[in-house]
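Since the structure comes first, as structure tokens, the remarks are kept for the end.
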Amino acid sequence: MGTTGIQVFIILVYIGVLFGISWYVKHKAAASAEAYVLAGRKLTTPLIMVSIVGLAVGGASTIGVAEQAYKVGLSAGWYTAAWGIGAIVMGLTVAKKYRQLNITTVPELLERYYDRRSMIAGIGCQVLVQLVIMSLQYVAGGAILAALMPNIFTPVTGMLTSAVVFIGITLIGGMWSASQSNVLNVTLQYIGITVAAFLILGMAGGIDVVAIQAPSITSMDLISGVGPMTIITWIVVLITVNVSLQAIIQISLGAKDVQTARKGFIIGGLVMLPVGFIAALLGVIAAEMYPAISPTTALPKLIMSLNPWIAGVTLASLWAADVSTACNLLLSAATLYSHDIHKQFIDPNMSDKKYMTVTRISVLLLGLLTLGFALTISGIISTLMAGLSLMTAFAVIVLMTMYAPKYCSRQAAFYTILASIIVLVAWMFVPAVRVLPHVIYAEWIVCAVTFCGISFVSQKAIATDGLVEETKPVGAPAQH
């Protein structure tokens, strides 16, 4: 079997296994709409762990990190480490509280404790950000398939193939499909990239030779390549995202209990910490070996220098990382539409069966929409950072709601989301306002001041049902 034949065989087998897993769990997903969008709130700690790792460690955390490391060095690995730090913070803080509220979406929280206009604004922002992130998975998926089989795929046809798999798996099994597929995806991804790094490092002559031949003096430095300010910014952005993005919160809401949600995020965050630096090291080696290629193709090009079987499995697992990220994002965006738009404004009395049908149709249509977005995107991490900053408003609202509900006004959420949008638009189109290192800092300052200011002057306090834990009377017996 020739090299191309081996690669085609591996990809076809992988696609077949992913669809097989989806069909296997289809009966669980078909039990109810809640089973489809939240796995019936029965996810275990390992499934929560692989779900958050699968969501975070996708195209941006592998292909995107290697792309940036090709240009600036090992410090690019902090992007994925920042995802891990964000997941750990989520596990230590609000994962438990989200699960206690027994909600389905973030906009549902906004409507319950604030008002309907807050919910509508929240839906728009959450869907937009998730569609942008989803589009980046197509870009990375197309790059991997084009590198894996250049005689068969171009980046565009690679995107189309990725779209078929992303949409198909999500349509069939929903959250059950995404979580179970991630067991395979995450396992092979970590084994594949670790083995590839070991072999490629050996081919390059070892870490000492790589350091000597590094393209620049910052290539092997863990800080100075991207700089400490960028690293801090990534950490701030991704902590913000982890406590506020619907796709991530939906994973915690699918946990069987609050402790499962908490432990799954903490373990998942710890697992994420090293993988970005492995991808970054491969990006540095690619810059030494292939100084004239496109940085986006750095990681796939390097891996293709290995034995065809090892290369095929490794790139297939990296491509599957895109699948795992995309499935969660697509399901989350579809849930936002079916639960918070269709059910609220179009058909409030729709049956559970129709709810599931609407969600599945939304998966298909939103998947096709994001494919269109993908054809216009370049620069994976830079694009992602700008869009994710919009989550700051939700982070402020959620943290205040959960930790200081008595000081929250019902009017504060809407104006905070509006302020967040204004800041991002001004940052993008009015260069004079860029007095801070990154838009995320402007977002935090403006959103925090707006929320606290509105809450201070308004007398319409939110209800605290479900937010404030009841205090036992002195001498009351403990419950077991």
Side-chain angles (χ1 to χ4, degrees), residues 14-58 95 98-99 102-105 130 134 137 163-189 245-261 263-265 267-268 320-339 351-364 366-367:
Y14 210 115
I15 291 174
V17 170
L18 290 175
F19 274 101
I21 291 171
S22 299
W23 281 106
Y24 177 74
V25 300
K26 182 183 178 184
H27 69 283
K28 290 185 178 181
S32 66
E34 184 177 72
Y36 183 76
V37 302
L38 292 173
R41 302 188 195 268
K42 294 179 181 178
L43 294 181
T44 60
T45 297
L47 289 178
I48 293 291
M49 185 268 286
V50 296
S51 293
I52 186 58
V53 173
L55 174 63
V57 186
Y98 272 124
R99 185 62 185 84
N102 206 40
I103 57 175
T104 301
T105 64
Q130 292 187 169
M134 176 76 188
Q137 308 315 310
V164 170
V165 177
F166 296 167
I167 297 169
I169 289 175
T170 311
L171 273 174
I172 294 169
M175 179 66 84
W176 275 118
S177 180
S179 61
Q180 298 284 354
S181 296
N182 277 333
V183 176
L184 173 66
N185 293 341
V186 171
T187 301
L188 283 184
Q189 178 187 351
L245 184 68
Q246 169 65 27
I248 295 172
I249 292 162
Q250 196 157 332
I251 293 171
S252 71
L253 297 174
K256 66 178 183 179
D257 54 46
V258 293
Q259 289 305 318
T260 296
K263 289 190 293 184
F265 271 84
I267 296 170
D322 264 356
V323 174
S324 58
T325 302
C327 289
N328 279 307
L329 289 165
L330 190 51
L331 178 62
S332 174
T335 303
L336 284 167
Y337 172 78
S338 60
H339 186 274
S351 65
D352 191 74
K353 183 177 180 180
K354 185 174 180 181
Y355 180 14
M356 192 184 304
T357 301
V358 170
T359 305
R360 283 189 158 130
I361 293 172
S362 303
V363 166
L364 176 61
L366 290 172

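Computed from a predicted model, the values in this text were never measured in an experiment.
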Using a 4.5 Å cut-off on heavy atoms from C-beta on, say whether the side chain of [Y] contacts that of [X].
{"X": "Tyr24", "Y": "Gln180", "result": "no"}
{"X": "Leu329", "Y": "Phe166", "result": "no"}
{"X": "Ile21", "Y": "Val183", "result": "no"}

**Interatomic spacing from NE2 in His339 to CD in Gln246 - rounded to 0.5 Å** =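 So the NE2 of His339 and the CD of Gln246 are separated by 9.5 Å.
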**Message:** Distance check, rounded to the nearest 0.5 Å: Leu366 atom CG versus Tyr337 atom OH?
**Reply:** 9.5 Å
N/O donor-acceptor pairs under 3.5 Å from side chains in residues 37-57, not counting sequence neighbours:
from	atom 1	to	atom 2	distance (Å)
Arg41	NE	Glu34	OE2	3.0
Arg41	NE	Asn102	OD1	3.3
Arg41	NH1	Ile103	O	3.2
Arg41	NH1	Leu253	O	3.2
Arg41	NH2	Ile103	O	3.0
Ser51	OG	Leu47	O	2.7

[X]: what forms a side chain to side chain donor-acceptor pair (under 3.5 Å) with it, not counting sequence neighbours?
{"X": "Gln130", "value": "Ser332"}
{"X": "Lys353", "value": "none"}
{"X": "Ser181", "value": "none"}
{"X": "Asn185", "value": "Tyr14"}

**Request:** Could you tell me whether the side chain of Arg360 and the main chain of Ile172 form a donor-acceptor pair under 3.5 Å?
**Result:** yes
**Prompt:** Taking all non-hydrogen atoms of both residues, which atom of Ala334 and which atom of Val363 are closest, and how far apart?
**Reply:** CB-CG2, 3.5 Å
**Message:** According to side-chain hydrogen bond (donor to acceptor under 3.5 Å, both in side chains), does anything in residues 165-178 pair up with another residue at least two apart or in another chain? List the pairs.
**Reply:** Ser22-Ser177
**Message:** Using the rule given for side chain to side chain contact (heavy atoms under 4.5 Å, CB included), can you reason through Ile15 versus Val164, listing the C-alpha separation, both sets of side-chain angles and the distance that settles it, and then say yes or no?
**Reply:** CA-CA 10 Å; Ile15 291 174; Val164 170; over 6 Å; no
**Prompt:** So, Thr335 versus Gln250: side-chain donor-acceptor pair below 3.5 Å or not?
**Reply:**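 Per modelled atom types, Thr335 and Gln250 side chains form a pair under 3.5 Å.
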